[in-house]
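In what follows, a structure is listed as structure tokens, so that the remarks can point back to it.
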Amino acid sequence: MEKLIEAMKRLFATNYQYYVKAHGFHVNVVGADFVQYHQLFSEVYEFADDATDTIGEHIRVLQAIAPFSLKRIMELGTIEDSTERPEALKMVSELLDDSQTVMDHYEEVHDIAVEEKCYGLINFIEGQMDMLGKIMWKLRSTTE
């Protein structure tokens, strides 16, 4: 079960970083298509925000402690921080790449959860993967 717990902690931290970046882009996007990007980024950060609590609760169900310090989240997460405000289309591209990173973590957790027969977690993860796939489609379509 330790392998699953550690994967869940990495997912939690990476998802949290994804939320912060998407929310930062949402607040700071500018340009002629502001409303479109602002709404798209809102969908991304709201998805990630909703997931954060549930991922943390699943970690607690596994009788572990979810990461709660920013230092620990930065150690465990795999989303590259954005230190400057890129142009809107670059924001979309970054979030698409970051979405794939989050998806990779979901897939890792899913595979381990299947091995451990954690059916409730499997159901949650599969639902998240479906919703994230739709977000990725929207981001990808915006860049084409």
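These figures come from a predicted structure and were not determined experimentally. Heavy-atom basis, side chains included; hydrogens, waters and symmetry copies ignored. One is the number of the first residue; the rest follow in order along the sequence.
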- prompt: Within a strict 4.5 Å, meaning less than it, do heavy atoms of the Ile73 and Gln17 side chains meet?
  reply: yes
query: Does atom CD of Glu6 have more than 12 heavy-atom neighbours, drawn from other residues, nucleotides or ligands, at distances under 6.0 Å?
result: yes
- request: Any chance you could lay out the side-chain contact (heavy atoms from CB on, under 4.5 Å) test for Ile112 and Glu108, step after step, and finish with the verdict?
  value: CA-CA 6 Å; Ile112 300 168; Glu108 176 191 21; 4.0 Å; yes
- prompt: Is there a path from Leu89 to Leu95 through hydrophobic residues (I, L, V, M, F, W, Y) whose side chains come within less than 4.5 Å of each other?
  reply: yes
field: Neighbour count >12 (heavy atoms, 6.0 Å) for atom OH, Tyr16
entry: no
Lys21 NZ to Asp98 CG distance, which is reported to the nearest 0.5 Å: 3.5 Å
task: Evaluate the side-chain proximity of Met136 to Leu132: yes if any heavy-atom separation is below 4.5 Å, no if none is.
output: yes
task: Report whether Met1 and Phe12 are members of the same hydrophobic cluster (ILVMFWY, side-chain heavy atoms less than 4.5 Å apart, transitive linking).
output: yes
- prompt: Can Glu115 and Lys3 be said to form a side-chain contact (heavy atoms from CB on, under 4.5 Å), step by step?
  reply: CA-CA 11 Å; Glu115 291 172 17; Lys3 184 178 173 185; 4.1 Å; yes
task: Flag the pair Glu57 and Arg60 as a salt bridge only when some basic side-chain nitrogen lies within less than 4.0 angstrom of an acidic carboxylate oxygen.
output: no
- request: Return the minimal non-hydrogen interatomic distance between Ser99 and Leu139, and the atom names on each side.
  value: OG-CD1, 3.5 Å
query: If you count the non-hydrogen atoms of other residues, nucleotides and ligands that lie under 6.0 Å from CD in Glu75, is the total more than 12?
result: yes
- prompt: Going by the angle between their ring planes, with limits at 30° and 60°, are Tyr106 and Phe124 parallel, tilted or perpendicular?
  reply: perpendicular
query: Taking atom OH of Tyr37 and atom CD of Glu87, what is their separation to the nearest 0.5 Å?
result: 9.5 Å
- request: Look only at the side chain of Ser141 and the backbone of Trp137, and say whether a donor-acceptor pair between them is shorter than 3.5 Å.
  value: yes
field: Pairwise distance NE2(His23) to CG(Asp49) - rounded to 0.5 angstrom
entry: 8.5 Å
query: Could you walk me through whether His105 and Val109 pass the side-chain contact (heavy atoms from CB on, under 4.5 Å) check?
result: CA-CA 6 Å; His105 283 282; Val109 167; 5.6 Å; no
query: Do Thr78 and Arg10 come close enough that some side-chain heavy atom pair is under 4.5 Å?
result: no
Any Asp104 side-chain heavy atom under 4.5 Å of Thr14 side chain: no
- request: Could you tell me the separation between the CZ atom of Phe34 and the CD atom of Gln39, rounded to the nearest 0.5 Å?
  value: 9.0 Å
Flag side-chain contact, heavy atom, 4.5 Å: Leu121 against Met8: yes
task: Might you point out which heavy atoms bring Ala51 and Gln128 nearest each other, and give the distance in Å?
output: CB-NE2, 3.2 Å
- prompt: Just wondering, do Arg85 and Met91 contact through their side chains at under 4.5 Å, heavy atoms?
  reply: yes
- request: Let me see the working for Val92 and Phe41 under side-chain contact (heavy atoms from CB on, under 4.5 Å), right down to the final yes or no.
  value: CA-CA 8 Å; Val92 173; Phe41 299 155; 3.8 Å; yes
field: Geometric class of the Phe47/Tyr18 ring pair [parallel <30°, tilted 30-60°, perpendicular >60°]
entry: perpendicular
task: Consider only side-chain heavy atoms of I, L, V, M, F, W and Y, link residues closer than 4.5 Å, and tell whether Val35 and Val30 are in one cluster.
output: no
message: Does any part of the side chain of Ile59, heavy atoms only, come nearer than 4.5 Å to the side chain of Ile55, both counted from C-beta?
response: yes
- prompt: Mind checking whether Gln36 and Thr142 have side chains closer than 4.5 Å, heavy atoms only?
  reply: yes
message: Could you measure the distance from the NZ atom of Lys71 to the CG atom of Leu76? Nearest 0.5 Å is fine.
response: 11.5 Å
- prompt: Of all heavy-atom pairs between Leu4 and Ala113, which one has the smallest distance, and what is that distance?
  reply: CD1-N, 4.0 Å
message: Tell me whether Met131 shares a hydrophobic cluster with Leu40, the cluster being built from Ile, Leu, Val, Met, Phe, Trp, Tyr side chains joined at under 4.5 Å.
response: yes
query: Going only through I, L, V, M, F, W and Y residues with side-chain contacts under 4.5 Å, is there a path from Met129 to Ile122?
result: no
- prompt: Is Asn15 reaching over with its side chain to a backbone N or O of Leu11, donor-acceptor style, under 3.5 angstrom?
  reply: no
message: Can you tell me how the ring of Tyr45 sits relative to the ring of Tyr19, calling it parallel under 30°, perpendicular over 60° and tilted otherwise?
response: perpendicular
- prompt: Considering all heavy atoms of both residues, which atom of Gly56 and which atom of Ala66 are nearest to each other, and what is their separation?
  reply: CA-CB, 4.1 Å
